[in-house]
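Here's the structure, in structure tokens; my notes come after.
Since the structure is predicted, the reported quantities are computational estimates derived from the model, not experimental observations. To find a chain, count down the sequence lines: A is the first, B the second, and so on, and within it residues start at 1.
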There are 2 protein chains.
Amino acid sequence: MTARYARIAAELRDAITRGEYAVGAHLPSEAELAVRFAASRGTVRQAVAVLAAEGLVGSRQGARRIVLGRERSQSFAELHSFAQWARATGHRVSGRVLAQRRRGASAAEAARLGIRPDEPVLSVLRLRSLEGEPVLLERTVYAGWIAPAVERLDADCESVTRALYDGVGLVFAYGEHLIDAVAAGTEDSRLLEVRRGSPLLRQRRVTTTHEGRPVEWSDDRYRAGSVTFSIRNSVDANPLVRQVGDLRPSS
Amino acid sequence: MTARYARIAAELRDAITRGEYAVGAHLPSEAELAVRFAASRGTVRQAVAVLAAEGLVGSRQGARRIVLGRERSQSFAELHSFAQWARATGHRVSGRVLAQRRRGASAAEAARLGIRPDEPVLSVLRLRSLEGEPVLLERTVYAGWIAPAVERLDADCESVTRALYDGVGLVFAYGEHLIDAVAAGTEDSRLLEVRRGSPLLRQRRVTTTHEGRPVEWSDDRYRAGSVTFSIRNSVDANPLVRQVGDLRPSS
DNA sequence: TAGGCGAACTTGTTCAAACAAGCTAGGCCC
DNA sequence: GGGCCTAGCTTGTTTGAACAAGTTCGCCTA
């Protein structure tokens with residue numbers, strides 16, 4: 001049984017998606033919604049806070065809430081798992097492990113994973129395709145404690161996220177993502193079937209468990225044009241941060 | 001006078017940044033914090049909710065809250081305004097308008113700005129530099145109603161965001177961002193001083209007022225290596241969305 | 001020693017009430 | 001007509017209380 005505020009949020013979200021409340025239009029006041037859903041104002045406020053966090057509605061003190069957009073963002077699982085995302089959007093997806101080996105962590109990897117350098121990790125190179133076209137090259141480093149479970153997976157396992165959840169109950173709960181653009185290297189260009197030096201969208205990420213324990217550190221490179229990231233933010237909630245590039249000083 | 005929960009959040013954030021609560025460590029329980037700050041549990045919950053939204057702490061039912069990271073994310077203003085961001089991070093920044101003209105909106109621009117095609121807009125091409133190096137090329141389209149205020153700005157105005165706030169009280173409140181990688185075109189390569197076809201990080205964005213009224217639609221291109229975007233997310237709060245290719249369902 | 005059970009603790013959900021602060025529209029005055 | 005002002009509406013903040021649900025850890029048993 002989901003929480004009441006979650007059900008109210010879902011109902012309002014559906015109404016927005018259906019176009020019952022158009023973009024730019026006002027949402028009913030909290031008092032009205034409280035009556036309609038037979039809930040207290042506090043519960044209604046929690047519901048609309050969910051929609052605000054999703055970027056669907058905006059609010060400011062004194063004025064009625066307004067509808068900002070219609071599509072809701074994907075779940076964390078859909079963002080984290082390429083396979084689950086692709087399937088949910090109706091695409092044909094496949095993946096293949098090209099290389100996999102245990103080794104000691106580099107200094108940079110150890111820092112990301114919260115372990116000491118040279119502690120054992122599992123390094124995996126995975127190529128993923130959309131509609132038969134190679135689209136994403138993943139270079140992932142798994143912490144040693146999860147390595148055995150990863151090694152048990154099939155080489156062409158579709159959804160690693162799903163398999164690890166089903167197999168050992170592992171839940172990816174938090175993520176930090178660094179997004180930038182890089183030129184395709186030799187290996188990149190061969191596997192993604194693009195020219196050397198052509199632009200790739202790079203997403204580096206650390207994923208951790210509920211306890212904040214890092215599970216994996218990954219360098220994912222998308223062929224230009226294949227994938228776009230979208231973020232909605234506001235004065236009140238801004239998850240997006242800009243950082244000075246970590247690469248070489250300008251040449 | 002800021003709200004009480006905001007002050008509690010600030011105090012906890014400072015403690016985390018100072019390292020008083022290490023990454024991976026537990027935060028005090030809500031009950032303890034309520035006593036320490038002489039506030040109700042509800043208020044304390046609001047404070048930690050702020051930190052959770054910033055990605056600094058994680059929480060799950062039944063378990064103590066844990067610290068996930070130390071640096072807080074930038075304010076919306078710092079993300080939106082290149083100049084304010086650069087100054088806050090201690091960099092020398094400059095900007096220059098290279099071209100500016102009024103014209104009718106294209107179909108795509110009209111869709112983004114919520115106006116009809118051919119309605120008047122102001123198109124601006126702006127080059128921004130960091131430490132004297134050209135880093136960012138902005139192609140911005142302003143809605144007609146704000147065009148006069150933009151035209152009054154100096155060609156080398158540092159912070160457009162700031163100038164528009166001071167001048168006409170305009171507040172950028174909500175944004176939607178699309179991030180991908182593209183190859184540098186002819187104009188891009190000349191102005192950013194890179195080879196044609198070299199990778200650029202592209203950020204396209206629509207920014208709106210409090211009322212949800214679109215102000216600008218912009219295509220910003222960063223030289224590879226100069227800037228990275230960072231996003232922290234969780235199962236509960238996931239602002240990041242992945243999309244196929246360039247096309248977005250136009251509403 | 002390994003496993004299971006449960007008590008104490010901690011966060012999640014919901015309600016009701018009151019006041020603060022910002023916004024809007026309509027009326028009033030010049 | 002234009003501008004000012006206020007009454008009423010709407011969202012923001014805070015408190016206190018109670019119960020639900022999940023976690024943790026020590027203790028007891030096999």
Side-chain angles (χ1 to χ4, degrees), chain A residues 1-12 21 24-53 56-68 169-171 173-174 209-213 234-237, chain B residues 1-12 21 24-53 56-68 169-171 173-174 209-213 234-237:
Chain A
M1 177 72 126
T2 56
R4 172 110 84 152
Y5 79 86
R7 272 175 292 155
I8 296 176
E11 204 157 315
L12 289 173
Y21 301 110
H26 291 276
L27 225 54
S29 75
E30 293 175 359
E32 280 177 73
L33 292 173
V35 171
R36 181 188 313 175
F37 292 106
S40 75
R41 199 184 142 214
T43 303
V44 168
R45 276 180 70 76
Q46 258 188 92
V48 293
V50 170
L51 300 185
L56 288 180
V57 307
S59 71
R60 68 205 236 259
Q61 189 173 148
R64 288 276 271 261
R65 257 174 267 263
I66 53 170
V67 178
L68 292 175
L170 179 69
V171 175
Y174 305 107
T209 65
H210 277 307
E211 295 89 11
R213 191 177 187 191
S234 75
V235 171
D236 303 318
Chain B
M1 175 73 129
T2 57
R4 171 107 85 144
Y5 78 86
R7 273 175 291 155
I8 296 176
E11 204 157 315
L12 289 173
Y21 300 110
H26 291 274
L27 225 54
S29 75
E30 293 174 1
E32 281 177 73
L33 292 173
V35 171
R36 181 188 314 174
F37 293 106
S40 76
R41 198 186 142 212
T43 302
V44 168
R45 276 181 69 76
Q46 260 189 94
V48 293
V50 171
L51 301 185
L56 287 180
V57 308
S59 71
R60 70 205 233 261
Q61 187 173 147
R64 289 277 270 259
R65 257 174 266 263
I66 52 169
V67 178
L68 291 175
L170 179 69
V171 175
Y174 305 106
T209 65
H210 276 306
E211 295 90 13
R213 192 178 187 190
S234 76
V235 171
D236 302 317

Atom pairs, protein N/O to nucleotides 8-11 of chain C N/O, distance under 3.5 Å:
{"residue": "C/dT10", "atom": "OP1", "partner": "B/Arg64", "partner atom": "NH1", "Å": "2.5"}
{"residue": "C/dT11", "atom": "OP2", "partner": "B/Glu30", "partner atom": "N", "Å": "2.9"}
{"residue": "C/dT11", "atom": "O4'", "partner": "B/Gly62", "partner atom": "N", "Å": "3.3"}

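- Nearer the 5' end of DNA chain D, as judged by each residue's closest nucleotide, is the contact made by B/Arg4, out of A/Glu211 and B/Arg4.
- Between the CG atom of A/Leu33 and the CG atom of A/Leu12 there is a distance of 5.5 Å, given to the nearest 0.5 Å.
- When the P atom of D/dT13 is taken as reference, atom CZ of B/Phe37 falls 18 Å away, rounded to whole Å.
- A/Thr43 OG1 to A/Gln46 CD: the interatomic distance, rounded to the nearest 0.5 Å, is 6.5 Å.
- Rounded to whole Å, the distance from OH on B/Tyr5 to P on C/dA20 is 18 Å.
- Interatomic distance, A/Arg64 CZ to A/Ser59 OG, rounded to the nearest 0.5 Å: 13.0 Å.
- Taking atom CD on A/Gln46 and atom C1' on D/dG12, their separation rounds to 15 Å, with Å as the unit.
- Applying the salt bridge (charged side-chain N to carboxylate O under 4.0 Å, His left out) test to B/Arg36 and every residue at least two apart in sequence or in another chain returns nothing.
- One atom, CD1 of B/Ile66, and another, P of D/dT23, lie 13 Å apart when rounded to the nearest Å.
- Partners of B/Glu211 by salt bridge (charged side-chain N to carboxylate O under 4.0 Å, His left out), not counting sequence neighbours, listed by chain and number: A/Arg60.
- Put simply, the residue from A/Leu56, A/Leu27, A/Val57, A/Ile66 that forms a side-chain contact (heavy atoms from CB on, under 4.5 Å) with A/Tyr21 is A/Leu27.
- The NE2-C1' distance, from A/His26 to D/dT11, rounds to 13 Å in whole Å.
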